[in-house]
Amino acid sequence: MAPRSIDPRPLNADERAVLEHILSAEFVGASQLRSQLDRTEVIAIWGPDSVSIDLQVREPCEHAALPEAVVPVDAQVHDPSGDYVGEILVWTDRGATLAALEFAWVTDEIPAALPAVVDGRLSWPARQDVPLSPYGPAADKIAT
């Protein structure tokens with residue numbers, strides 16, 4: 001499925017947090033890509049339930065000089081028990097400007113949210129809406 005264009009909008013808090021975390025790594029072009037964040041807009045989503053997005057950086061901006069289209073950062077995502085559930089890829093437009101944020105997952109269900117940055121790592125699911133009972137998930141379903 002091709003990305004679906006949307007009216008350009010600013011990055012939301014989760015998108016920005018993930019990008020800031022990945023771009024905090026030191027690599028050739030990192031400082032230029034970090035400087036683009038305030039000028040970055042979301043211009044497309046990858047599917048109706050996808051958290052992966054296409055990005056566009058408004059000019060003028062400082063261009064990076066990356067040799068590859070993918071930012072060279074190992075951004076693995078783990079669940080709270082430490083199991084690998086995927087990775088975040090940051091794509092650039094010919095190595096110069098931010099072009100996409102992709103959550104490449106390996107789980108059975110599509111992620112409904114980007115991972116959270118927890119203790120310097122990417123963790124998914126990002127948050128629990130309801131705290132789990134110390135007696136296990138089945139105990140949470142018991143009506144009181």
Side-chain angles (χ1 to χ4, degrees), residues 1 3-58 61-93 95-144:
M1 176 183 287
R4 182 174 54 95
S5 295
I6 62 170
D7 288 333
R9 65 163 176 82
L11 295 168
N12 67 34
D14 293 338
E15 294 159 349
R16 183 162 182 123
V18 169
L19 284 166
E20 285 176 343
H21 173 71
I22 293 169
L23 298 178
S24 69
E26 289 303 322
F27 56 90
V28 172
S31 64
Q32 291 85 1
L33 294 176
R34 283 191 296 267
S35 75
Q36 295 172 11
L37 285 173
D38 288 335
R39 304 193 60 75
T40 300
E41 298 174 321
V42 177
I43 59 167
I45 57 173
W46 289 22
D49 297 324
S50 178
V51 295
S52 297
I53 52 176
D54 283 346
L55 305 170
Q56 173 180 284
V57 179
R58 294 184 321 275
C61 71
E62 188 175 357
H63 289 218
L66 296 173
E68 300 288 331
V70 177
V71 169
V73 175
D74 182 15
Q76 294 184 7
V77 181
H78 296 85
D79 68 14
S81 67
D83 291 332
Y84 175 80
V85 295
E87 65 183 308
I88 298 291
L89 301 170
V90 176
W91 295 87
T92 63
D93 180 16
T97 60
L98 296 168
L101 176 64
E102 177 183 1
F103 189 163
W105 76 97
V106 296
T107 58
D108 290 336
E109 65 180 72
I110 185 171
L114 287 169
V117 179
V118 179
D119 297 328
R121 295 182 55 177
L122 296 171
S123 179
W124 182 83
R127 45 187 126 5
Q128 297 280 339
D129 292 332
V130 180
L132 293 178
S133 163
Y135 304 106
D140 292 328
K141 296 180 183 179
I142 299 171
T144 56

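It should be emphasised that the depicted structure is a prediction, and the values quoted were computed from it without experimental measurement. Every heavy atom of this structure was used, including side-chain atoms; hydrogens, water molecules and symmetry mates were not.
- Closest approach of His21 and Gly120 over heavy atoms only: CE1-O, 3.1 Å.
- A distance of 10.0 Å separates CG of Asp74 from CD1 of Ile22, quoted to the nearest 0.5 Å.
- Using a 4.5 Å heavy-atom threshold, the side chains of Val73 and Val90 count as separate.
- Here Asp54 does not pair with Arg4 in a salt bridge; the nearest charged N to carboxylate O distance is not below 4.0 Å.
- A heavy-atom distance below 4.5 Å is found between the side chains of Leu37 and Leu98.
- The number of heavy-atom neighbours closer than 6.0 Å to CD of Gln76, taken from other residues, nucleotides and ligands shown, is above 12.
- Of the possible polar contacts, none joining the Thr92 side chain to the Thr97 backbone as a donor-acceptor pair under 3.5 Å is found.
- Shown here is Arg121, whose CZ atom has no more than 12 heavy atoms of other residues, nucleotides or ligands within 6.0 Å.
- Here the closest non-hydrogen pair linking Phe103 and Gly86 is CE2-CA, 4.4 Å.
- Rounded to the nearest 0.5 Å, atoms CG (Asp79) and OG (Ser123) are 7.0 Å apart.
- Smallest separation of non-hydrogen atoms from Trp124 and Pro111: CZ2-CA, 3.4 Å.
- Checking side-chain atoms of Arg34 against main-chain N and O of Leu23 turns up a donor-acceptor pair under 3.5 Å.
- The closest donor-acceptor contact from the side chain of Arg39 to the backbone of Val57 lies at 3.5 Å or more, if one exists at all.
- Between Phe27 and Leu33 there is a side-chain heavy-atom pair separated by less than 4.5 Å.
- Minimum heavy-atom separation, Gln36 to Glu62: NE2-O, 2.9 Å.
- The minimum heavy-atom distance linking Val28 with Leu66 is given by the pair O-CD2, 2.5 Å.
- Remark: Asp83 CG is packed, more than 12 non-hydrogen atoms of other residues, nucleotides or ligands lying under 6.0 Å away.
- To the nearest 0.5 Å, the span separating CD1 on Ile43 from CG on Leu55 amounts to 7.5 Å.
- To the nearest 0.5 Å, atoms NE2 (His63) and CG (Asp93) are separated by 8.5 Å.
- Here the shortest heavy-atom pairing between Trp91 and Glu102 reads NE1-OE1, 2.9 Å.
- Between the CG atom of Asp49 and the CD atom of Glu109 there is a distance of 11.0 Å, given to the nearest 0.5 Å.
- Here the CD atom belonging to Glu15 is positioned 7.0 Å from the CG atom belonging to Leu101, to the nearest 0.5 angstrom.
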